[in-house]
A.B. asks: 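Below you'll find the structure I mean.
None of the values given here were measured: they were computed from a predicted structure. Convention: sequence-line order gives letters A, B, ...; per-chain numbering from 1.
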Protein chains: 2
Amino acid sequence: MPKPRILPNVILGLLDNHPNMSGRDIENEFQTEIGEFWQASHSQIYPELKRMLTDGWIKIATEYVDEDAKVIRYEITADGHDHLLDWLHEPITAENDALSSLKLYFIHDRHSPTLAKILRTQVELHTKKLSHLRQRQQQLFSKDAQIDQQYGHFLILTRAIEREENNVDWLQRTLAGLK
Amino acid sequence: MPKPRILPNVILGLLDNHPNMSGRDIENEFQTEIGEFWQASHSQIYPELKRMLTDGWIKIATEYVDEDAKVIRYEITADGHDHLLDWLHEPITAENDALSSLKLYFIHDRHSPTLAKILRTQVELHTKKLSHLRQRQQQLFSKDAQIDQQYGHFLILTRAIEREENNVDWLQRTLAGLK
DNA sequence: TCGTGCATGTAATGAGTTACATGATTAT
DNA sequence: ATAATCATGTAACTCATTACATGCACGA
């Protein structure tokens with residue numbers, strides 16, 4: 001199975017929220033708003049938009065054609081919307097966990113069950129990861145001599161543990177705050 | 001300019017610490033130790049080792065050939081060691097900051113000036129990033145209504161800020177602890 | 001002897017980046 | 001005028017992943 005493509009889903013998410021975006025608009029989103037955790041260049045975006053057109057996930061927003069002849073504006077179709085929801089509902093695993101932030105970005109409603117589900121799954125995954133990291137630390141650095149021999153490794157493992165602690169803590173606080 | 005290749009540097013770092021590794025050994029490192037933040041498959045590793053051989057950065061550890069005919073063991077050359085140090089000393093910028101953890105992994109000495117320098121640069125970069133994120137939060141979510149309209153976006157921005165706060169805090173504590 | 005793991009390798013594919021390219025508009 | 005920006009597009013190249021492939025060793 002080939003790796004699942006993410007770009008079309010991101011574009012769908014953007015068009016779902018802001019109809020009548022041009023390729024250029026989408027490119028700009030990638031550089032500002034969403035650029036914090038996802039990027040794409042225009043040489044990816046334009047061919048992707050054409051593929052999505054033929055797939056019927058988006059269509060050209062004709063009511064805006066007059067305005068500026070050279071600008072092509074798109075809007076999401078019902079098929080595209082279904083596809084976006086399917087993607088958002090896809091189960092999150094350790095492998096695709098990096099997509100969680102991206103998916104959250106496209107959920108606007110505070111009381112969305114999907115949003116809560118993503119956060120709960122993240123708690124689960126990162127709690128596991130945290131305990132795995134702590135176990136590694138025990139195995140590798142139970143003695144001071146081991147720390148001195150691999151100080152850099154010790155540092156980044158320590159950092160990873162604290163990062164996950166902070167992450168799990170935040171997730172739980174946020175989940176509690178949803179209700 | 002083509003994107004700088006990282007894999008050869010990682011292999012050099014591994015061979016610098018453990019001489020006489022085979023391709024398989026390197027692959028295993030990528031799945032266990034270092035696998036937490038970097039990965040590579042054997043179909044990348046074997047061609048890369050050959051390239052590095054012809055480049056003179058590594059050589060075949062001949063004293064181990066008898067032991068097991070099919071296993072090819074490598075060791076780092078003086079040229080390779082120079083190259084590794086050059087890479088470790090390369091200035092860290094916002095663009096290549098993701099490599100910092102990887103570089104730290106290969107620094108074993110607690111009192112290495114390079115280690116301290118990487119941490120100091122990270123403090124600088126992440127302090128900047130943190131203030132940028134806080135500014136974004138001000139711009140986008142100064143009113144409660146804005147939060148309700150883009151709740152997912154609000155969450156991940158909040159998460160990013162807390163992550164960076166924790167990161168900067170850890171970096172400063174670690175730097176203080178070095179002395 | 002049959003599956004699994006070790007150890008090495010190549011080939012096909014796909015995704016992303018950089019570079020190349022054009023025409024229109026807008027600012028200096 | 002001319003440089004920069006908007007807006008779109010294609011081509012070349014690199015990188016990584018998946019799949020394909022071989023031979024040996026070892027245990028059930």
Side-chain angles (χ1 to χ4, degrees), chain A residues 1-11 14-15 18 20-32 34-35 37-55 58 60-61 64-74 87 93-96 98-99 102, chain B residues 1-11 14-15 18 20-32 34-35 37-55 58 60-61 64-75 93-96 98-99 102:
Chain A
M1 62 209 122
K3 261 208 160 173
R5 297 180 47 66
I6 300 159
L7 181 58
N9 301 311
V10 179
I11 293 177
L14 290 172
L15 285 175
H18 308 102
N20 306 313
M21 287 179 101
S22 67
R24 186 68 194 247
D25 292 336
I26 292 171
E27 192 197 356
N28 286 340
E29 284 294 299
F30 276 112
Q31 274 160 12
T32 57
I34 206 172
F37 32 81
W38 203 262
Q39 354 213 26
S41 57
H42 77 274
S43 58
Q44 277 181 278
I45 294 167
Y46 290 116
E48 189 63 54
L49 285 170
K50 294 196 164 174
R51 240 172 293 166
M52 292 168 74
L53 258 185
T54 64
D55 287 351
I58 58 174
I60 293 176
Y64 283 80
V65 164
D66 317 334
E67 183 205 311
D68 191 348
K70 70 181 169 176
V71 179
I72 308 167
R73 298 184 181 279
Y74 298 91
W87 178 65
T93 65
E95 284 69 41
N96 65 18
L99 297 180
L102 196 57
Chain B
M1 61 207 121
K3 260 207 162 174
R5 298 182 46 67
I6 300 160
L7 182 58
N9 300 312
V10 179
I11 293 177
L14 290 172
L15 284 174
H18 309 102
N20 305 314
M21 288 180 103
S22 66
R24 186 69 192 246
D25 293 336
I26 292 171
E27 193 199 354
N28 287 339
E29 284 292 302
F30 276 111
Q31 275 159 12
T32 58
I34 207 173
F37 33 81
W38 202 260
Q39 352 216 31
S41 58
H42 77 274
S43 58
Q44 279 180 278
I45 294 166
Y46 290 116
E48 189 64 53
L49 285 169
K50 292 196 164 174
R51 240 171 293 165
M52 292 168 74
L53 257 185
T54 62
D55 287 350
I58 58 175
I60 293 174
Y64 283 78
V65 165
D66 316 333
E67 183 204 312
D68 190 349
K70 70 179 169 177
V71 179
I72 307 166
R73 297 183 181 279
Y74 298 91
E75 59 187 334
T93 65
E95 284 69 40
N96 65 19
L99 297 179
L102 196 57

A.B. asks: With distance as the sole criterion, do the side chain of A:S43 and the base of C:dT18 form a donor-acceptor contact below 3.5 Å?
C.D. replies: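 Indeed there is one.
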A.B. asks: B:R24 has an atom CZ; how far is it from atom C1' of D:dC24, in whole Å?
C.D. replies: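 Rounding to the nearest Å, CZ of B:R24 and C1' of D:dC24 are 13 Å apart.
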A.B. asks: Grab the CD1-C1' distance between A:I11 and C:dG16 for me, whole Å please.
C.D. replies: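 Computing the A:I11:CD1 to C:dG16:C1' distance gives 13 Å.
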A.B. asks: Of the options D:dT8, C:dA7, D:dA19, whose atoms approach the side-chain atoms of A:S22 most closely?
C.D. replies: D:dT8
A.B. asks: Who pairs with B:D25 by salt bridge (charged side-chain N to carboxylate O under 4.0 Å, His left out), at least two apart in sequence or on another chain?
C.D. replies: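 Scan of B:D25 (salt bridge (charged side-chain N to carboxylate O under 4.0 Å, His left out), adjacent residues dropped) gives B:R73.
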A.B. asks: Can you check the B:I6 CD1 to D:dC15 C1' distance for me, whole Å?
C.D. replies: 11 Å
A.B. asks: Taking NE2 from B:H42 and C1' from C:dA7, how many angstroms apart are they, rounded to a whole number?
C.D. replies: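 To the nearest whole Å, that distance equals 9 Å.
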A.B. asks: With a 4.0 Å limit, can you tell me whether B:Q44 has a side-chain N or O closer than that to the phosphate oxygens OP1/OP2 of D:dC15?
C.D. replies: no
A.B. asks: Can you list the residues that meet the salt bridge (charged side-chain N to carboxylate O under 4.0 Å, His left out) rule with B:E29, with sequence neighbours excluded?
C.D. replies: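 If we apply the salt bridge (charged side-chain N to carboxylate O under 4.0 Å, His left out) test to B:E29, skipping adjacent residues, there are no hits.
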A.B. asks: Rounded to the Å, how far apart are B:E27 CD and D:dA16 P?
C.D. replies: 15 Å
A.B. asks: To the nearest 0.5 Å, how far apart are NE2 in A:H42 and CD in A:Q44?
C.D. replies: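 Atom-to-atom, A:H42:NE2 and A:Q44:CD are 10.5 Å apart.
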A.B. asks: OP1 or OP2 of D:dC13 less than 4.0 angstrom from a side-chain nitrogen or oxygen of B:K3, does that happen here?
C.D. replies: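 Result: no.
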A.B. asks: Apply side chain to side chain contact (heavy atoms under 4.5 Å, CB included) to the pair A:L99 and A:N9, showing each step before the final yes or no.
C.D. replies: CA-CA 11 Å; A:L99 297 180; A:N9 301 311; over 6 Å; no
A.B. asks: Output the rounded distance in Å from CG (B:D25) to C1' (C:dA7).
C.D. replies: 10 Å
A.B. asks: If you assign A:S41 and B:G23 each to the DNA chain C nucleotide with the nearest heavy atom, which residue ends up on the more 5' nucleotide?
C.D. replies: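 Residue closer to the 5' terminus by nearest nucleotide: B:G23.
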A.B. asks: Quick one: B:Q31 CD to C:dA7 C1', roughly how many Å, whole number?
C.D. replies: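 B:Q31 atom CD is separated from C:dA7 atom C1' by 13 Å.
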A.B. asks: Would you mind reading off the distance between A:L49 atom CG and D:dT8 atom C1', rounded to a whole angstrom?
C.D. replies: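 A:L49 atom CG is separated from D:dT8 atom C1' by 11 Å.
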A.B. asks: Think B:Y46 has a side-chain N or O under 4.0 angstrom from the OP1 or OP2 of C:dG9?
C.D. replies: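 Looking at the OP1 and OP2 atoms of C:dG9, neither is under 4.0 Å from any side-chain N or O of B:Y46.
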A.B. asks: What distance separates A:I6 CD1 from A:W38 CH2, expressed to the nearest 0.5 Å?
C.D. replies: 3.5 Å
A.B. asks: Any side-chain N or O of B:R5 below 4.0 angstrom from OP1/OP2 of D:dC15?
C.D. replies: yes
